[in-house]
Colleague: 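Structure provided below as structure tokens; questions to follow.
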Protein chains: 2
Amino acid sequence: MQKRVTQRDVAARAGVSQAAVSRVMAEHGYVAEDVRARIMEAAAALGYRPDPVARTLITGRSNIVAVVVGNVVNPFFPVALSALTEALRQEDREVLLFNAAPGQNIDDLIPGVLRYKVAGIIVMTVALGSRAAEFCADAGVPYVLFHRYAEQGGAFAVACDSGAGGREAARHLVATGCRTMAYVGGLEDSSPNRDRANGFIAGLREAGLAPVEHLNGAFTYDWGREAINGLLYRHPDLDAVFCGDDAIACGVVDALRYDLGRKVPDEVSVIGFDDVPQANWAAYRLTTVRQPLEAMIAQTLTLLKHPEDEARRLHLLPGEMIIRATTRR
Amino acid sequence: MQKRVTQRDVAARAGVSQAAVSRVMAEHGYVAEDVRARIMEAAAALGYRPDPVARTLITGRSNIVAVVVGNVVNPFFPVALSALTEALRQEDREVLLFNAAPGQNIDDLIPGVLRYKVAGIIVMTVALGSRAAEFCADAGVPYVLFHRYAEQGGAFAVACDSGAGGREAARHLVATGCRTMAYVGGLEDSSPNRDRANGFIAGLREAGLAPVEHLNGAFTYDWGREAINGLLYRHPDLDAVFCGDDAIACGVVDALRYDLGRKVPDEVSVIGFDDVPQANWAAYRLTTVRQPLEAMIAQTLTLLKHPEDEARRLHLLPGEMIIRATTRR
DNA sequence: CTGAAAGCGCTAACAG
DNA sequence: CTGTTAGCGCTTTCAG
């Protein structure tokens with residue numbers, strides 16, 4: 001149980017005051033070059049590393065970023081979380097992970113998060129609160145919604161341009177000869193779901209078409225599988241389905257092939273959204289809209305670091321249509 | 001930007017000293033019942049919530065548990081992480097998430113983690129360090145390996161009994177008439193991989209059989225897909241493959257069906273390990289060995305909370321064979 | 001430019 | 001049982 005090396009130890013070895021060491025470590029205030037060198041040397045020799053807890057106590061700000069996640073079963077989550085923590089790690093920031101309970105309002109969670117004096121909060125859940133942004137603003141903590149946005153609250157938000165993605169999906173289906181189409185969405189009350197649906201509808205309208213049906217449910221494989229069964233029963237001539245995300249799409253494809261005996265894409269085309277790893281598995285080879293994950297993360301970090309520089313609240317980044325084998329040529 | 005409520009404020013309102021408030025909040029030391037009631041009332045009225053940073057600074061221990069993850073692409077990770085954070089949340093403990101860079105030694109990571117005065121460290125990466133357990137022991141921080149264990153270092157470890165699982169898989173394949181079998185493993189130098197391989201080999205030996213080949217690679221879909229191609233070329237009469245995990249197994253199944261035109265399970269049986277959500281998707285319906293996730297997490301939390309009560313270092317929990325449609329009846 | 005000194009909010013002896 | 005008193009390790013005035 002060895003004692004930690006403190007700034008006092010470094011100061012003693014360098015023959016300076018502890019305050020001088022602090023100034024060097026915090027890169028704050030002026031220190032003569034030779035003194036700074038002596039201090040750095042002493043710190044290195046002693047293996048000194050600053051105590052983040054003590055620093056946070058006094059400054060009221062840590063280098064920890066809170067990430068609030070919710071629907072963890074969705075395969076997009078681990079991909080996004082992993083890329084995010086990796087990016088944060090490269091900036092020497094840690095990630096405090098909060099798991100919102102199903103149905104839990106973010107508003108109830110944020111005050112608890114704020115107690116940790118986090119440097120910022122990134123919210124990846126679908127269920128939103130209305131006052132969370134306000135709490136964070138009061139505390140001076142940057143608050144960024146990732147992957148979706150809120151109509152009100154004035155929070156920063158970074159997301160894929162789902163509307164454009166939905167439109168592209170519609171155009172691709174129209175261009176490949178589909179006419180009787182449906183949208184199988186995820187959580188009704190979420191911005192990606194709304195935008196994907198609206199974009200899809202808008203894209204069909206360009207061709208003078210309209211979806212025969214528009215379903216909402218959850219961003220899950222099981223929902224996709226369930227939804228398509230009823231859908232195909234009501235519309236036996238259905239020739240295309242645009243899905244809220246890849247998980248739903250996989251469920252739809254599987255149900256079409258294994259529950260309903262339809263050929264994908266020959267009889268029914270299917271398009272997903274996200275481009276999760278499974279989308280490219282040989283069993284699916286899903287045509288989908290890839291989220292611009294790298295760009296979304298970069299934008300999120302910029303917002304976290306310099307929220308004041310950025311007047312624009314909503315940042316929608318264009319996705320990329322990935323054409324594989326669940327749509328016709 | 002409203003001021004936080006501090007113990008001093010509570011003390012003033014309750015007409016007691018700040019120390020009395022601390023004793024009530026920390027549940028440490030004696031306080032008269034009526035005084036305690038007054039304090040609780042004042043705290044509630046003011047909306048007081050303790051400052052975890054200040055508390056950590058003085059006690060040298062936070063209520064934060066560090067979770068170190070690595071191979072995030074593997075679908076078992078989000079399932080495990082999600083269940084773990086959920087369990088931790090129920091104990092009012094937070095999760096500090098560390099993403100080990102690919103190939104990074106845990107030993108280099110742990111000292112940085114320890115600076116946060118975490119209440120415990122749970123390691124879910126496959127790459128191990130040799131001194132991490134020692135560092136943690138020196139700092140008095142419980143250290144638990146999750147999902148795999150180390151031969152040396154004396155760290156606590158909680159994992160599925162992969163050896164028993166491998167043996168069961170072998171028995172099931174033998175019982176369903178397979179004779180020419182191979183093991184397609186993941187990361188060679190990891191305990192789950194070794195145990196699954198050894199268990200499988202032992203299980204075959206019971207029937208007087210031996211695997212025709214034994215490959216190691218990575219716990220990924222792509223590796224499974226690649227491995228089976230060469231394997232089937234060298235052993236055209238192969239009739240079963242036991243895989244290091246479900247991701248590999250999905251790759252093997254897909255390659256057999258779509259790259260090699262074989263029928264699963266009629267021509268080749270495939271068994272995975274973990275029972276991730278995808279294993280039950282209709283495109284796979286994978287026979288697999290389910291990890292006892294709930295039990296593993298419960299055991300991990302117990303070890304974290306009372307490490308001194310537990311003499312046994314290694315806790316192997318039995319998995320459950322889930323028979324689906326990638327093995328014959 | 002540097003050191004002394006005052007805390008950040010809380011816990012933990014220690015008297016009373 | 002309760003209040004007083006030191007700090008935890010660090011940042012940040014404030015003199016010098």
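Just so it is clear: chains get the letters A, B, ... in the order the sequence lines come, proteins before strands, and each one is counted from 1.
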Colleague: To the nearest Å, how far apart are Leu46(A) CG and dG9(D) P?
Modeller: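 Taking CG of Leu46(A) and P of dG9(D), I get 14 Å after rounding.
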Colleague: State which of dC8(C), dC10(C), dG3(D) makes the closest approach to the side chain of Ala20(B).
Modeller: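 From the listed options, dG3(D) comes nearest.
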Colleague: Are Glu41(B) and Arg38(B) within salt-bridge range, i.e. N to O under 4.0 Å?
Modeller: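 So Glu41(B) does not pair with Arg38(B) through a salt bridge.
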Colleague: Let's see if you can work this out: which of dC8(C), dT11(D), dC10(C) has an atom nearest to the side-chain heavy atoms of Thr6(B)?
Modeller: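 Per side-chain heavy atoms of Thr6(B), the pick is dC10(C).
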Colleague: Roughly how many Å is it from CG in Leu57(A) to P in dA6(C), rounded to a whole number?
Modeller: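 That distance rounds to 18 Å.
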Colleague: Grab the CD1-P distance between Ile58(A) and dC10(D) for me, whole Å please.
Modeller: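 Taking CD1 of Ile58(A) and P of dC10(D), I get 11 Å after rounding.
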Colleague: What nucleic acid atoms does Val53(A) come within less than 4.0 Å of, heavy atoms only: base, sugar-phosphate, or nothing?
Modeller: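 The answer is nothing, as Val53(A) stays clear of every strand by at least 4.0 Å.
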Colleague: May I ask you to verify if any side-chain N or O of Arg55(A) is less than 4.0 angstrom from the OP1 or OP2 atom of dC10(D)?
Modeller: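 For Arg55(A), the contact criterion (side-chain N or O under 4.0 Å from OP1 or OP2 of dC10(D)) is not met.
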Colleague: Between atom CZ in Arg36(A) and atom P in dT2(C), what is the gap in whole Å?
Modeller: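 For the pair Arg36(A) CZ and dT2(C) P, the rounded distance is 10 Å.
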Colleague: Where each residue is assigned the nucleotide of DNA chain C containing its nearest heavy atom, which of Ala19(A) and Pro52(B) is assigned the position nearer the 5′ end?
Modeller: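 Nearer the 5' end of the strand: Ala19(A).
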Colleague: Let me know the distance between NE2 of His28(B) and P of dC14(C), rounded to the nearest Å.
Modeller: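 Rounded to whole Å, this separation is 13 Å.
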Colleague: Taking atom types as they are modelled, would you say the side chain of Arg23(B) forms a donor-acceptor pair with the base of dG3(D) within the 3.5 Å cutoff?
Modeller: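 Yes.
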Colleague: Would you mind telling me which of dC10(D), dA12(C), dC10(C) lies closest to the side-chain atoms of Asp51(A)?
Modeller: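 For Asp51(A), the side-chain atoms sit closest to dC10(D).
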Colleague: dT11(C) P sits how many Å from Ile39(B) CD1, rounded?
Modeller: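 Taking atom P of dT11(C) as the reference, CD1 of Ile39(B) is at 12 Å.
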Colleague: Of the options dC8(C), dC10(C), dC10(D), whose atoms approach the side-chain atoms of Tyr48(A) most closely?
Modeller: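 Selected nucleotide: dC10(D).
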Colleague: Could you give the distance from OG1 (Thr125(B)) to CG (Asn99(B)), rounded to the nearest 0.5 Å?
Modeller: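 Rounded to the nearest 0.5 Å, the OG1-CG separation comes to 10.0 Å.
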Colleague: Does the Asp9(B) side chain pair with the main chain of Leu46(B), one donor and one acceptor, at a distance under 3.5 Å?
Modeller: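 Answer holds: no.
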Colleague: For the pair made of CZ in Arg4(B) and C1' in dG9(C), what is the distance, rounded to whole Å?
Modeller: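 Value for this atom pair: 9 Å.
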Colleague: Nearest nucleotide by nearest heavy atom, which residue falls closer to the 5' end of DNA chain C, Glu33(A) or Arg49(B)?
Modeller: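 Of the two residues, Glu33(A) wins.
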Colleague: To the nearest 0.5 Å, how far apart are OG1 in Thr6(A) and CG in Asp51(A)?
Modeller: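 Going from OG1 on Thr6(A) over to CG on Asp51(A), the span is 8.5 Å.
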Colleague: Output the rounded distance in Å from CZ (Arg61(B)) to P (dG9(D)).
Modeller: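 The answer, rounded to whole Å, is 13 Å.
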Colleague: Would you indicate whether Asp34(B), at its atom CG, is surrounded by more than 12 heavy atoms from other residues, nucleotides or ligands within a distance under 6.0 Å?
Modeller: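 Count over threshold, so yes.
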Colleague: Heavy-atom contacts under 4.0 Å between residues 7-18 of chain A and DNA chain C, which residues?
Modeller: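 Those residues are Val16(A), Ser17(A).
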Colleague: Taking the nucleotide of DNA chain D with the closest heavy atom to each, which residue, Lys117(B) or Val31(B), is nearer the 5' end?
Modeller: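 Nearer the 5' end of the strand: Val31(B).
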Colleague: Got more than 12 heavy atoms from elsewhere within 6.0 Å of CZ, Arg89(A)?
Modeller: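 Above 12, so yes.
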Colleague: In this structure, are over 12 heavy atoms from other groups packed under 6.0 Å from Glu294(A) atom CD?
Modeller: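 Counting neighbours around CD of Glu294(A), 12 or fewer heavy atoms of other residues, nucleotides or ligands fall under 6.0 Å, so no.
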Colleague: Measure from the side chain of Ala32(A), starting at C-beta and using heavy atoms only, and say which of dT11(C), dC1(D), dT2(C) lies closest.
Modeller: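 Nearest listed nucleotide: dT2(C).
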Colleague: With a 6.0 Å cut-off (strictly less than), is the heavy-atom count around CZ of Arg115(A), excluding the residue itself, greater than 12?
Modeller: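 Atom CZ in Arg115(A) is packed in, count exceeds 12.
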Colleague: Thr59(B) has a side chain; which of dC8(D), dT11(D), dT11(C) sits nearest to it?
Modeller: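 My answer, after comparing the listed nucleotides, is dT11(C).
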